[in-house]
Amino acid sequence: AQVVVESGGGSAQAGGSLKLSCTVSGYDYPPECWAWFRQKSLNEREGVASICRDIGDTSYDDSVKGRFTINLDSAKKTMDLQMNSLKPDDTAMYSCAVRYFGGQYTSLRRGTYSYWGHGIQVNVSS
């Protein structure tokens with residue numbers, strides 16, 4: 001079975017940094033594309049950042065551009081999200097999502113990803 005697991009997260013003060021990591025297992029080959037989503041309280045889950053394996057393209061929500069960086073490691077079964085200059089508004093449950101088929105294009109739409117992690121909490125205090 002395909003498994004997606006997030007790690008990192010936790011708490012930080014405004015202006016600080018945190019790093020999230022996502023690892024996958026179950027297939028012999030890495031996903032085509034990866035993404036981070038977040039859900040604030042009762043709001044809908046929103047796309048934060050996306051990256052694809054071969055094209056190296058990335059996309060970011062406007063709210064995190066210039067502050068968050070998404071990266072794939074060399075083996076491409078781990079993806080990180082470096083979050084800098086954190087704001088209290090970044091407080092949310094962050095989830096990793098991956099896609100193995102369907103084309104190499106970055107996307108911040110939930111429906112374009114097949115496998116999801118359970119999520120990890122990030123709290124930013126003012």
Side-chain angles (χ1 to χ4, degrees):
Q2 180 61 27
V3 177
V4 180
V5 179
E6 302 96 342
S7 61
S11 299
Q13 290 190 324
S17 299
L18 287 171
K19 185 177 181 179
L20 303 181
S21 295
C22 176
T23 59
V24 298
S25 61
Y27 284 120
D28 292 335
Y29 44 89
E32 282 189 326
C33 298
W34 310 60
W36 285 100
F37 289 78
R38 66 185 181 186
Q39 186 172 19
K40 304 175 185 178
S41 299
L42 299 178
N43 293 344
E44 288 189 355
R45 191 177 288 178
E46 59 184 19
V48 175
S50 174
I51 188 167
C52 290
R53 184 185 70 208
D54 295 333
I55 62 175
D57 196 14
T58 59
S59 60
Y60 296 92
D61 183 77
D62 287 344
S63 65
V64 305
K65 281 182 180 176
R67 300 189 298 121
F68 290 10
T69 303
I70 189 169
N71 286 300
L72 283 174
D73 78 344
S74 57
K76 298 181 178 177
K77 281 197 170 182
T78 300
M79 179 268 288
D80 296 329
L81 183 70
Q82 179 65 45
M83 305 185 293
N84 298 328
S85 301
L86 284 164
K87 303 176 181 179
D89 194 48
D90 293 319
T91 294
M93 178 71 75
Y94 286 73
S95 298
C96 177
V98 300
R99 179 175 75 242
Y100 282 86
F101 310 103
Q104 298 248 359
Y105 62 95
T106 58
S107 171
L108 298 181
R109 294 190 297 116
R110 291 170 292 171
T112 58
Y113 296 93
S114 304
Y115 299 97
W116 292 77
H118 291 297
I120 194 164
Q121 184 67 34
V122 170
N123 295 312
V124 183
S125 58
S126 57

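- Judged by distance alone, the side chain of R45 and the main-chain N or O of F37 form no donor-acceptor pair under 3.5 Å.
- Taking CG from L20 and OG from S7, the interatomic distance works out to 8.0 Å, rounded to the nearest 0.5 Å.
- The backbone N or O of V124 sits less than 3.5 Å from a side-chain atom of T91, completing a donor-acceptor pair.
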Inset, instruction - Would you sort out whether D62 and K65 count as a salt bridge (charged side-chain N to carboxylate O under 4.0 Å, His left out), showing the intermediate values? - result: CA-CA 5 Å; D62 287 344; K65 281 182 180 176; 3.0 Å; yes
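- Interatomic distance, F68 CZ to T58 OG1, rounded to the nearest 0.5 Å: 14.0 Å.
- Criterion: ILVMFWY side-chain heavy atoms under 4.5 Å apart, direct or through other members. Under it, Y100 and M79 are part of a common hydrophobic cluster.
- Panel note: side chain S50, backbone W34; a donor-acceptor pair is recorded below 3.5 Å.
- F101 and V24 fall within the same hydrophobic cluster, defined by Ile, Leu, Val, Met, Phe, Trp and Tyr side-chain heavy atoms under 4.5 Å apart, directly or through other members.
- Judged by the 6.0 Å distance and 45° axis criteria, R38 is not positioned over the aromatic ring of Y94.
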Legend entry - Verdict with reasoning, V122 to M83, per side-chain contact (heavy atoms from CB on, under 4.5 Å): CA-CA 10 Å; V122 170; M83 305 185 293; 3.9 Å; yes
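- When every heavy atom of G10 is checked against every heavy atom of L18, the shortest pair comes out as O-CD1, 3.9 Å.
- Rounded to the nearest 0.5 Å, atoms CG (L86) and CZ (R67) are 6.5 Å apart.
- With contacts defined as side-chain heavy-atom distances shorter than 4.5 Å, the pair C22/W36 qualifies.
- A side-chain donor-acceptor contact under 3.5 Å links Y113 to the backbone of S107.
- Side-chain atoms of E6 never come within 3.5 Å of backbone atoms of I120 as a donor-acceptor pair (strictly under, hydrogens ignored).
- Proximity of a side-chain donor or acceptor of Y60 to a complementary backbone N or O of I70 within less than 3.5 Å is detected.
- One finds the CE atom of M93 at 9.0 Å from the CG atom of N123 (value rounded to the nearest 0.5 Å).
- In terms of modelled atom types and a separation under 3.5 Å, the side chain of R99 and the main chain of Y105 share a donor-acceptor contact.
- Considering OH of Y27 and OH of Y115, their distance stands at 3.0 Å, rounded to 0.5 Å.
- In this view, D57 satisfies the side chain to side chain donor-acceptor pair (under 3.5 Å) rule with no residue, not counting sequence neighbours.
- Cluster membership for V4 and V48, using ILVMFWY side-chain heavy atoms within less than 4.5 angstrom, is shared.
- Judged as a salt bridge (Lys or Arg N to Asp or Glu O under 4.0 Å), and not counting sequence neighbours, the contacts of D80 are K19.
- For the atom pair OG of S21 and CD of Q82, the computed distance is 9.5 Å after rounding to the nearest 0.5 Å.
- Residues A49 and L81 come closest through the heavy atom pair CB-CD1, 4.1 Å.
- Counted within 6.0 Å of CD on Q121, heavy atoms from surrounding residues, nucleotides or ligands total more than 12; the atom is thus considered enclosed.
- Here the shortest heavy-atom pairing between G103 and C33 reads O-SG, 4.0 Å.
- When all heavy atoms are compared, the tightest approach of K40 to A92 is CG-CB, 3.7 Å.
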